[in-house]
Amino acid sequence: MKPVFENPSEVEKLVKEKFGFPSFIMMENAAASMAGFILSKNLPAVFICGKGNNGADGLAAARMLFSKLPVYVFCPAIPKTEEGIVQYEMAKNVGVPFLSETKLKAFLKSTDSKLVCDCLYGTGFHGEIKTEDKKILEAANNSKAFRLACDIPSALFFKADATITMGTYKSMLYSDKAKEVTGEIILTELGIAENLFEGQTTTGIYLLEENDMKLPLRKKQDSHKGTYGHSAIISGKKCGAALLASEAAMNFGSGLTSVVDLGFSNLSQFKVNPELMISKEFPKTTKAVLIGSGLGSFENPEVEKAVTKFEEWFLKQKNPACVLDADLFSYSKLPSLLKGLNKVENARLVLTPHAKELAALAELLGISKNLNPSEALENRIEIGKFFTKKYPKSVLVMKGANTFIAAKGIIYIFDKGCQALAKGGSGDVLAGMITALLAQGYSAQDAAITAVFRHGTAASEKGKDSYSLTPRKLISYL
């Protein structure tokens, strides 16, 4: 996993002070990295440069590329920072051509292959984008050029095919809004090793990589079905969700999987996969329980009775594990339930809300009131840290375009998911996968990370643009 920073400029400042790096050295290295990438594309390039140091990076890269490629610069305003002024004069002195707005738009409209590099606004941008700047970026977005962003797409309005982030991974690049516009995120060094940035501060946020996934591969030959745990999925008013979760659990390594019908589900309406078992109570060998998927409204007293039976089971176990999903996030007594479950020795809990459910959870727990789903997603780092501090034996999986996992005060970001998962039942598959790993003895953190990673990559491997990915197809790809 890679460290992700919320305040990258602050970290850069610490690095400069500790190692005696002049500011221009980092800028020159950043520009050289960007220039190298553009040179590899071998396309005429135009740099749209703002008046801050993000624009200075572009000016420096244009200077380095001059005479190697046809390069141009457009500056809507003269740079204001000390480094920006220096880079502006250097670019002019070597002969880099500066375009007027009219010529810039003509360049962008041309049918020739080209590259446009957005260096207008940097990571320090706040507020509303200027109307005139918005028009320039719109012209860039509408062109057929390869679009490259320097550090971050300006105001998250520029739609990049790739973003070169300087020195560190930045949390603002991994919001759901950012995912729509960043394209491929490429980290470049600033003349100092990446680990030295991490050494200056504890980030508490990490970007997950493939080696963080611990698949339940069966390497032990002397084993039987009981070796791999027993998952119990509670069936409710919408039993299809429980059946999908159960099939996912079976396909993700659970040795035994039971659909638990506590007397109020619509299970009789379905043809049940013969690989699954049906039970009227929690089997004695149950290792992990999933509750919430398709459970039903708490206006039905049978639903709350089911939660009570689950709680009684959990409190009697020595090493209990569970996944709380979907309808549980509308349960008014959820804070009390979580408090009790977290008191159990060796308890392992994973909660899996999507955006709307996360907003409801934040209000139930008193974290924040009246959040809409988009606001809840934008505040996942704060919500996750608050949640895991209050409920230390719980892991919170906050689903979105990028999924954030909070465990023990640390935030893990999975950025490989795709829009093919935007279909009813995909979340039930994930919940079943996590349950299976818990039943096999995984920690709550490892179960969440591994299931989220495999769930997302399985979908992406089959085509992120796919509209035909169904939950059952996804299960077959696990």
After noting the C-alpha distance and the side-chain angles of Ile205 and Phe404, does the key distance pass the side-chain contact (heavy atoms from CB on, under 4.5 Å) rule?
CA-CA 10 Å; Ile205 309 172; Phe404 286 48; 5.9 Å; no

Using side chain to side chain contact (heavy atoms under 4.5 Å, CB included) as the criterion, point out the one residue from Thr352, Leu361, Ile291 that pairs with Leu328.
Ile291

Nearest-0.5 Å distance, CG of residue Leu173 to CG of residue Leu156:
8.0 Å

Taking Ser175 for its side chain and Ser171 for its backbone only, find out whether a donor-acceptor pair lies under 3.5 Å.
no

Side chains of Phe74 and Ile136 in contact at under 4.5 Å (non-hydrogen atoms)
yes

Considering all heavy atoms, the nearest Gly417-Ser460 contact:
C-OG, 4.0 Å

Output the distance between atom CG (Leu207) and atom CG (Leu187), rounded to the nearest 0.5 Å.
10.0 Å

Tell me whether Thr182 contacts the main-chain N or O of Thr163 through its side chain, where contact means a donor paired with an acceptor under 3.5 Å.
no

Looking at CG of Leu208 and CE of Met1, how far apart are the two atoms once the value is rounded to the nearest 0.5 Å?
5.5 Å

How far apart are the closest heavy atoms of Ser466 and Lys462, and which atoms are they?
CB-O, 4.2 Å

Considering only heavy atoms from C-beta outward, does the side chain of Val429 approach that of Met433 to under 4.5 Å?
yes

Could you please spell out the steps behind the side-chain hydrogen bond (donor to acceptor under 3.5 Å, both in side chains) verdict for Asp151 and Thr123?
CA-CA 7 Å; Asp151 224 16; Thr123 56; 4.5 Å; no

For Ile186 versus Ala162, what's the shortest heavy-atom pair and its separation?
CD1-CB, 4.2 Å

Is any side-chain heavy atom of Val397 less than 4.5 Å from a side-chain heavy atom of Val323?
no

Under the side-chain hydrogen bond (donor to acceptor under 3.5 Å, both in side chains) definition, can you give me all pairs with a residue in residues 124-140, not counting sequence neighbours?
Tyr121-Asp133

Any side-chain heavy atom of Leu338 within less than 4.5 Å of one from Leu365?
yes

Give a yes or no answer on whether the side chain of Thr165 reaches the backbone of Thr168 with a donor-acceptor pair at less than 3.5 Å.
yes

Check whether any side-chain heavy atom of Phe252 sits under 4.5 Å from a side-chain heavy atom of Leu215, and report yes or no.
yes

Under 3.5 Å, is there a donor-acceptor pair between the side chain of Lys179 and the main chain of Cys418?
no

All heavy atoms of Ala321 vs all of Leu438, minimum pair found to be CB-CB, 3.9 Å

If you compare all heavy atoms of Ala35 against all heavy atoms of Met64, which two are closest, and at what distance to 0.1 Å?
CB-CB, 4.2 Å

In Å and rounded to the nearest 0.5 Å, what is the CD1 to SG distance from Ile78 to Cys49?
11.5 Å

Using the six-membered ring of Tyr169, assess whether NZ or CZ of Lys2 lies under 6.0 Å from its centre and within 45 degrees of the ring axis.
no

Looking only at side-chain N and O atoms, does Asn141 offer a donor or acceptor that is under 3.5 Å from a partner on Lys159?
no

Is Asp176 paired with Arg380 through a side-chain N to carboxylate O contact shorter than 4.0 Å?
yes

Test side-chain contact (heavy atoms from CB on, under 4.5 Å) on Tyr477 and Glu461; report intermediate values, then the result.
CA-CA 9 Å; Tyr477 300 149; Glu461 286 165 5; over 6 Å; no

Within the distance-only criterion (no hydrogens, no angle test), does the side chain of Lys393 pair as donor or acceptor with the backbone N or O of Ala347 below 3.5 angstrom?
no

Keeping the roles fixed (side chain from Asp327, backbone from Leu295), state whether a donor-acceptor pair exists under 3.5 Å.
yes

Using modelled atom types only, decide if a donor and an acceptor are shared between the side chain of Asn402 and the backbone of Tyr174 within a distance under 3.5 Å.
yes

Can you find a heavy atom in the side chain of Pro76 that is under 4.5 Å from one in the side chain of Glu101?
no

More than 12 heavy atoms from other groups under 6.0 Å of CD on Glu180
no

Is there a side-chain contact (heavy atoms from CB on, under 4.5 Å) between Ile152 and Met172 once you walk through the steps?
CA-CA 8 Å; Ile152 188 168; Met172 61 189 72; 3.4 Å; yes

Within the side chain of His455, is there an N or O that forms a donor-acceptor pair under 3.5 Å with the backbone of Ser426?
yes

Exam field: side chain Thr388 to backbone Gly409, donor-acceptor pair closer than 3.5 Å:
yes

How close do Lys473 and Ser468 get, counting heavy atoms only, and between which atoms?
NZ-O, 3.1 Å

Can you tell me if NZ on Lys385 sees more than 12 non-hydrogen neighbours from other groups inside 6.0 Å?
yes

Atom pair NZ (Lys114) and OG (Ser143), whose distance is rounded to the nearest 0.5 Å:
5.5 Å

Enter the distance from Phe453:CZ to Ile449:CD1 here, rounded to the nearest 0.5 Å.
10.0 Å

Passing candidate, side chain to side chain contact (heavy atoms under 4.5 Å, CB included) with Phe47, options Leu99, Leu65, Leu120
Leu65

Report yes if some heavy atom in the side chain of Phe414 is under 4.5 Å from a heavy atom in the side chain of Thr457; otherwise report no.
yes

Test: Lys41 cationic atom under 6.0 Å from Phe146 six-membered ring centre, within 45° of axis
yes

So Phe98 and Tyr88, would you call those rings parallel, tilted or perpendicular, with 30° and 60° as cut-offs?
perpendicular

More than 12 heavy atoms of other groups within 6.0 Å of Lys105 NZ:
yes

Tell me, with the steps shown, if Asp325 and Ile434 meet side-chain contact (heavy atoms from CB on, under 4.5 Å).
CA-CA 11 Å; Asp325 187 37; Ile434 297 171; over 6 Å; no

Would you say the side-chain atoms of Asn379 pair up with the backbone N or O of Glu382, donor to acceptor, closer than 3.5 Å?
no

Cys75 side chain reached by Leu59 side chain, heavy atoms, under 4.5 Å:
yes

Under the side-chain hydrogen bond (donor to acceptor under 3.5 Å, both in side chains) rule, what pairs show up with a residue in residues 51-72, not counting sequence neighbours?
Glu28-Arg63, Asn53-Thr81, Arg63-Gln87

